[in-house]
Amino acid sequence: MKFSKSLIHTYREAPADAEVISHNLLVRAGMIRKVTAGIYEYLPLGLKSLKKVENIIRNELNRAGCQEVLLPHLVPGELWKESDRWAKYGKELLRLSDRHGREYCFGPTHEETICDLVRHVVSSYKALPQNLYQIQTKFRDEIRPRFGLMRGREFLMKDGYSFHVDHEDLDREYKNMFATYKRIFERCGLTARAVDADTGAIGGKSSHEFMVIAQTGEDVVVYCSACDYAANLEKASCRTANVGAAQEISAVQEVHTPGLKTVDEVAAFLKIKPQQMIKTLVYKADQGFIVVCTAGDREVSEIKLQNIAKAEALRLATDEEVVSFTGVPVGFLGPVGLDACIRKTALGAQWWLVYDHSVKGIVEAATGANRADYHVVHVAVTRDLKLSEDNLVDVCNVIEGDPCPHCSSGQLKLTRGIEVGHIFKLGFRYSKPMKVTYLDNEGKEQPVVMGTYGIGVGRTMAASVEQNHDDKGIIWPRALAPFDVHLIQLDHTDAITQEAQKIYDALWGAGIEALWDDRDERAGVKFNDADLIGIPVQVIIGKRGLQKGTLEYKIRRTSQKGEAPLLGAVDIIAGLLNAAA
RNA sequence: CGGGAAUUAGCGCAGUCCGGCUAGCGCGUUCGGUUCGGGUCCGAAAGGUCGCGGGUUCAAAUCCCGCAUUCCCGACCA
């Protein structure tokens, strides 16, 4: 492609709304353009990179035995009603109706559609297993689209679904996909880490997310300093504290703490550490109130609590609810004697109490006295609280430095990551309600066991930019680069144009995709555009080199420069490309 | 869902408080010249429903009301 004929327009200034580097650079390099919130156009340069990601995915999946299909964007509402997601999915689901008033949604994911396909086509165990995928534009009406391609509303996704006769076969395929995903991200030039993940609203059993480690990531990744344990913060656990050593503790005693409500205020007043406090929170779940006690330095994970409570909806109780439920104002609640307070005020209310594991490690605690403006000290956890197997749970987010749950020496570290892929064992979540069944070898009808596997294609491209850039622009890994070589022609004599044309033809002839900057621009403009766009190897042809019969090259990533004779230059460039990949 | 801010040329912004006549600047674009190995310099030009609707006024980008869109922050840890 000749630059002068191409639809490439670069910008010197950052777009006003770009908060992350990938958004900034992809727009400035003329690869994408925002049309409206969370919706982007891919320009020729951007589409080339997007297609490269797509083709790596396609190639690896096909090799792993998957088959590509293409499902419709619009899904009839009835299918979503069969799985009950029509009611559950909420406002993220874009719903629309046609001229007859029939309801549809723009598919944000396609479990229902694929189930409908498979149940019509597959009827025997002999036709299983199947692993079907598609690469298609999705729409999710995010509350807050942001970060360019990282959290768009319209986005390109690879979504795959597998169907099996039993869980063993699903396990086998899950491992197959796990390995395939690792290869895909490796081939994209990304450092991705597989982490244990919460299965969330889609339902199902085990699940791994593939995270690209990047400061701008929206997810928190927990990993061990010593072993290969890694998990999403929502899922991460730590080795639980040992019960504190027994020691003499004086009797529980009330302390006047007027107006001191927060852990930090009370801890400072009592001259103790926050982790020696017991924090008491009241949640309102669909089934009733849940009182959660944790060490003062911990944060409750609402996701963990929701899973423990098996609650559909969960929120912190309001101040008013807390008072009418316990009779104690917010800020002065504690586990000691709480039961009696509640019995006085809320006869018949459904409620239960859980302790986070972190409470177990406190020997002598301070906490609310269940009386306005008072706290209690000298609470001996083993003496004054009724901890048991049933009420001790893992309900807090881990914090930096917690002991690893898998090995004895490691400490947990926290970092941020971009979720580029996600694999899930779904089990019967969709196959049962949607009646996706097969006849087994005894002629008995059985539900299929399902798995689901996703990759954010555009997000993978953005993640690559997050991981590969410098202050001049993007540094594409060769696998994702829109072109392999950026041929920069500096002078415009006939002789040089002819040489450039020769090199250009020879590159393409050797299977090397070249962008030829033939514009009548100053050298600086071209160099800067080349660095911004980030093609891995720049080849410079100008009168300076031509006199010597050479051209120059620059490796974008290392800025390493060199010269090569015009004759045989293509071989040298091919070698550079392979080395720079 | 709550709070804040913004909306003026393709992009980035000034002008709005304190209303005033041809609405500016930088980048980009077009034309002419100059220069030519890291975003040359000079000159000329094109390009605007000042987000939309209503109101106040002799006069509105500017003041008032409504709406839309966009961006940011927050969503309660007792």
Side-chain angles (χ1 to χ4, degrees), chain A residues 8-20 23-24 27-28 30 33-39 90-91 143-148 153 257 259-267 274 277-284 290-302 305 314-323 325-326 328-335 338 356 358 367-370 372-373 375 395-397 399 472-473 488-493 496 517 519-532 538 540-547 551-552 554 559 561 563:
Chain A
I8 302 174
H9 187 87
T10 61
Y11 296 86
R12 286 197 205 187
E13 279 169 303
D17 57 354
E19 283 209 280
V20 297
H23 184 191
N24 179 331
V27 171
R28 283 214 293 133
R33 195 185 80 91
K34 184 170 81 173
V35 178
T36 184
I39 299 182
K91 287 189 177 173
I143 315 166
R144 245 187 102 181
R146 55 178 154 178
F147 301 151
R153 294 195 295 166
T257 51
L260 302 178
K261 292 182 162 194
T262 68
V263 166
D264 287 341
E265 286 165 2
V266 177
M277 300 269 312
I278 295 173
K279 186 162 77 174
T280 308
L281 304 174
V282 179
Y283 280 86
K284 181 99 167 56
I290 308 174
V291 179
V292 182
C293 292
T294 77
D297 60 338
R298 300 274 157 172
E299 286 205 339
V300 170
S301 159
E302 293 193 1
L305 182 59
L314 184 80
R315 62 170 171 80
L316 211 53
T318 63
D319 290 6
E320 293 73 36
E321 284 169 338
V322 171
V323 172
F325 168 52
T326 63
V328 179
V330 161
F332 303 98
L333 282 170
L338 178 65
D356 183 67
S358 57
T367 190
N370 296 318
D373 293 335
H375 281 76
V395 70
C396 286
N397 288 326
I399 53 183
K472 303 286 276 181
I488 301 168
Q489 178 186 348
L490 287 184
D491 302 288
H492 288 82
T493 62
I496 288 169
D517 193 345
R519 294 175 299 170
D520 186 13
E521 284 285 356
R522 312 202 94 231
V525 172
K526 298 189 189 190
F527 290 138
N528 279 304
D529 274 345
D531 288 344
L532 176 60
Q538 296 170 14
I540 299 118
I541 182 157
K543 64 170 182 255
R544 198 193 272 179
L546 196 66
Q547 287 164 354
L551 50 71
E552 290 157 82
K554 181 178 123 179
S559 292
K561 292 175 187 169
E563 290 185 14

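Letters A, B, ... are given to chains in the order of the sequence lines, protein chains preceding strands, and every chain is numbered from 1.
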Pairing partner of [N] (Watson-Crick or G-U wobble, both distances under 3.5 Å):
N	result
B:C25	B:G12
B:G19	none
B:G51	B:C67

**OP:** Evaluate the criterion side chain to side chain contact (heavy atoms under 4.5 Å, CB included) for residue pair A:Glu321 and A:Lys284; output intermediate values, then yes/no.
**Re:** CA-CA 9 Å; A:Glu321 284 169 338; A:Lys284 181 99 167 56; 4.0 Å; yes

Original post:
Mind checking whether A:Asn370 and A:Phe332 have side chains closer than 4.5 Å, heavy atoms only?
Top reply: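 No, too far: nothing below the 4.5 Å cut-off.
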
Original post:
Taking side chain as C-beta onward, heavy atoms only, is A:Phe147 less than 4.5 Å from A:Asp17?
Top reply: no

Whole angstrom is fine here: how far is it from [atom1] in [X] over to [atom2] in [N]?
X	N	atom1	atom2	answer
A:Leu316	B:G74	CG	P	18 Å
A:Glu13	B:G39	CD	C1'	12 Å
A:Ile488	B:G39	CD1	P	14 Å
A:Glu265	B:C77	CD	P	12 Å
A:Glu302	B:C77	CD	P	10 Å
A:Lys554	B:G37	NZ	P	16 Å
A:Arg33	B:C11	CZ	P	8 Å
A:Tyr11	B:G39	OH	P	22 Å

Establish, with yes or no, whether the OP1 or OP2 oxygen of [N] is under 4.0 angstrom from a side-chain nitrogen or oxygen of [X].
X	N	value
A:Lys34	B:C71	yes
A:Thr36	B:U70	yes
A:Arg12	B:G28	yes

With the criterion being N/O to N/O and under 3.5 Å, what pairs connect the protein with nucleotides 29-36 of chain B, and how long is each?
{"unit_1": "B:U35", "atom_1": "O2'", "unit_2": "A:Arg522", "atom_2": "NH2", "d": "3.4"}
{"unit_1": "B:U35", "atom_1": "O2", "unit_2": "A:Arg522", "atom_2": "NE", "d": "3.4"}
{"unit_1": "B:U35", "atom_1": "O2", "unit_2": "A:Arg522", "atom_2": "NH2", "d": "3.2"}
{"unit_1": "B:C36", "atom_1": "O4'", "unit_2": "A:Arg522", "atom_2": "NH2", "d": "3.2"}

**OP:** Pick the P atom in B:G48 and in B:C64, then give their distance to the nearest Å.
**Re:**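 So the two P atoms sit 29 Å from each other.
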
**OP:** In whole angstrom, give me the gap between the C1' atoms of B:G24 and B:U62.
**Re:**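 Nearest-Å result for B:G24 against B:U62 at atom C1': 15 Å.
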
Original post:
Side chain of A:Glu19: nearest nucleotide among B:C72, B:C77, B:G39?
Top reply: B:C72

Subject >> Among B:C11, B:G38, B:C1, the one nearest A:Asp531 by side-chain distance >> reply: B:G38

